[in-house]
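Before I ask anything, here is the structure I am working with.
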There are 2 protein chains.
Amino acid sequence: MPKLDKMKQDYSIRELAEEFDVTTRTLRFYEEKGLLNPSRSGQTRVYNIADRTRLKLILRGKRLGLSLDESAEIILMYDPIGTNSNQILSLIDKIQDKRLQLEQKKKDLELTLLDLEAAEQRCSESLSKIH
Amino acid sequence: MPKLDKMKQDYSIRELAEEFDVTTRTLRFYEEKGLLNPSRSGQTRVYNIADRTRLKLILRGKRLGLSLDESAEIILMYDPIGTNSNQILSLIDKIQDKRLQLEQKKKDLELTLLDLEAAEQRCSESLSKIH
DNA sequence: TTAGAGGTTGACGTTAACGTTAACGTAATC
DNA sequence: GATTACGTTAACGTTAACGTCAACCTCTAA
């Protein structure tokens, strides 16, 4: 009886690259740096849903201005690696650190958005003066 | 009668560098790239309060993961350069574009924060299970 | 069987954002 | 007048994150 698993999905390197609008070189590069670990069919890379998710997180990190190393660090935080109390406690510390950093980033972002809003406002006023 | 102006403040390159925790090389580099334009006393650079503000904005941009060019672009949006309607309209467009980009960035940021929160939660639960 | 579309591993090239060193000028201080 | 502290320009070095070849495999369709 064949095991039918609708959820199981594999992707070629090209499929994944096109979906996320990156090059295959990028995917190989991420693998070199230890950010992705696709399995192999012969020589050929085979990506599964978990790899896809990791890639998504990496690219989200990039959009936030995180380095690949930083994204890798954060992704590691999502996985329950440590098994003893000390490891978990140290992980909690690291998570809180990152959260603070990102909160700071969020504040900077909001300030910039406010500045842009004000600038747009001034533009509109200039326009209405010109009539 | 000497003009006493308490607000007028000048800074040496070192003062500014130390205040913002960057190197003097960085300030000279920003000038090369057209991001700063300090006046000169002889050969020596003299920064005023406006230069300081621009630097602050550049560094804020960096923390957001913006490139220097992007920051320069944004800073230009703060100044009312265009004087005719078309220029102003085009500026408003650009401002709105940037705002959308930054809003997207903010969403990504918030997602990441949620993920980290969840991760921390799981850690805490692991801990309480260990007891 | 050959042409084409996919994959692979090197390995060198490129850009941004500075770091680093050299070689020099100047002003105060010991 | 030599050292020290600060400034200058010029130029080469460095790192991250890929781009861009080249040279090669492998399967399938014409």
Side-chain angles (χ1 to χ4, degrees), chain A residues 9-48 51-52 54-76 98 101 105 108 112, chain B residues 9-48 51-52 54-76 98 101 105 108 112:
Chain A
Q9 287 231 36
D10 288 349
Y11 309 85
S12 75
I13 192 169
R14 186 158 301 271
E15 282 170 350
L16 211 53
E18 283 179 359
E19 176 177 359
F20 289 98
D21 198 30
V22 296
T23 68
T24 58
R25 171 66 172 112
T26 297
L27 296 183
R28 293 196 194 94
F29 178 69
Y30 290 170
E31 187 175 348
E32 264 183 60
K33 303 255 333 181
L35 293 166
L36 292 176
N37 251 2
S39 55
R40 302 285 173 131
S41 149
Q43 278 219 117
T44 302
R45 275 164 257 255
V46 177
Y47 297 84
N48 62 22
D51 296 316
R52 206 192 91 118
R54 290 177 67 88
L55 177 56
K56 209 171 181 176
L57 292 177
I58 295 167
L59 297 177
R60 195 172 79 184
K62 283 207 65 182
R63 289 196 300 274
L64 295 183
L66 303 183
S67 71
L68 295 182
D69 284 350
E70 282 175 311
S71 286
E73 218 187 316
I74 290 185
I75 291 176
L76 276 182
K98 263 290 173 257
Q101 289 173 35
K105 202 169 265 211
D108 283 327
T112 306
Chain B
Q9 286 231 34
D10 288 350
Y11 310 85
S12 76
I13 192 169
R14 187 157 301 269
E15 282 169 350
L16 212 54
E18 282 178 0
E19 175 176 359
F20 289 98
D21 198 29
V22 297
T23 68
T24 59
R25 170 68 173 112
T26 297
L27 296 183
R28 294 197 192 93
F29 179 70
Y30 289 171
E31 188 175 350
E32 265 183 59
K33 303 257 329 184
L35 293 167
L36 292 176
N37 251 3
S39 55
R40 301 284 173 134
S41 149
Q43 277 218 119
T44 303
R45 275 162 256 253
V46 177
Y47 298 84
N48 63 21
D51 297 317
R52 206 192 91 117
R54 290 177 67 87
L55 177 56
K56 209 170 179 175
L57 292 177
I58 296 167
L59 297 178
R60 194 172 78 183
K62 281 207 65 184
R63 289 197 299 275
L64 295 182
L66 303 182
S67 70
L68 294 181
D69 285 351
E70 281 176 311
S71 287
E73 220 188 314
I74 291 185
I75 291 175
L76 276 181
K98 262 293 175 256
Q101 289 173 33
K105 203 169 265 210
D108 282 328
T112 306

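Not measured: the values here are computed from a predicted model. We name chains A, B, ... by the order of the sequence lines, and we start the count at 1 in each one.
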- Message: Measuring to OP1 and OP2 of C:dC18, would you say a side-chain N or O of B:Tyr30 lies under 4.0 angstrom away?
- Response: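 So the side chain of B:Tyr30 is within the cut-off, an N or O lying under 4.0 Å from OP1 or OP2 of C:dC18.
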- Starting at CG of A:Leu59 and ending at C1' of D:dA17, how long is that distance when rounded to a whole Å?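 Computing the A:Leu59:CG to D:dA17:C1' distance gives 13 Å.
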- Between A:Asp51 and A:Tyr30, is a side chain to side chain contact (heavy atoms under 4.5 Å, CB included) present by the stated rule, with each step listed? CA-CA 11 Å; A:Asp51 296 316; A:Tyr30 290 170; over 6 Å; no
- Starting from P on C:dT8, measure out to OH on A:Tyr47 and report it in whole angstrom. 7 Å
- Item | Steps toward side chain to side chain contact (heavy atoms under 4.5 Å, CB included) verdict (B:Thr24, B:Arg28) | CA-CA 6 Å; B:Thr24 59; B:Arg28 294 197 192 93; 3.4 Å; yes
- Sugar-phosphate, base or nothing in reach of B:Thr24, heavy atoms under 4.0 Å: nothing
- Task: Pick base, sugar-phosphate or nothing for A:Arg14, based on heavy-atom distances below 4.0 Å to the nucleic acid.
- Result: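 Touches sugar-phosphate only.
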- Query: Can you check the B:Gln43 CD to C:dT26 P distance for me, whole Å?
  - Reply: 8 Å
- Message: When you measure from the side-chain N and O atoms of A:Thr23 to the phosphate of D:dG19, is any distance below 4.0 Å, counting only OP1 and OP2?
- Response: yes
- When the distance from CZ of B:Arg40 to C1' of D:dC6 is rounded to whole Å, what number comes out?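 Rounded to whole Å, this separation is 15 Å.
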- Is there a side-chain polar atom (N or O) of B:Thr26 under 4.0 Å from OP1 or OP2 of C:dA17? no
- Item | Rounded distance (Å) that lies between atom C1' of D:dC18 and atom CD1 of A:Ile13 | 14 Å
- Query: Using 4.0 Å as the upper bound for N to carboxylate O, is an ion pair formed by B:Glu31 and B:Arg40?
  - Reply: yes
- To the nearest angstrom, the CG-C1' distance between B:Asp69 and C:dC18 comes to 14 Å
- Report yes or no: is there a donor-acceptor pair, N or O only, under 3.5 Å between the side chain of B:Arg25 and the base of C:dT20? yes
- Message: If we ignore hydrogens and angles and just use 3.5 Å, is the side chain of B:Lys98 paired with the main-chain N or O of B:Glu73 as donor and acceptor?
- Response: no
- Message: Mind checking if A:Ser67 touches a base, just sugar-phosphate, or nothing, with heavy atoms under 4.0 Å?
- Response: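 The residue A:Ser67 makes sugar-phosphate contact but no base contact.
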- Item | A:Glu70 CD to D:dA17 P, straight-line distance once rounded to whole Å |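 Distance check: A:Glu70 CD to D:dA17 P gives 9 Å.
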- Residue-phosphate contact under 4.0 Å: B:Lys62 side-chain N/O, C:dC18 OP1/OP2: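 True: B:Lys62 side-chain N/O within range (under 4.0 Å) of C:dC18 OP1/OP2.
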- Nearest-Å distance for atom pair CZ/C1', residues A:Phe29 and D:dA17: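 Distance, rounded to whole Å: 5 Å.
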- Is B:Ser41 reaching over with its side chain to a backbone N or O of B:Thr44, donor-acceptor style, under 3.5 angstrom? no
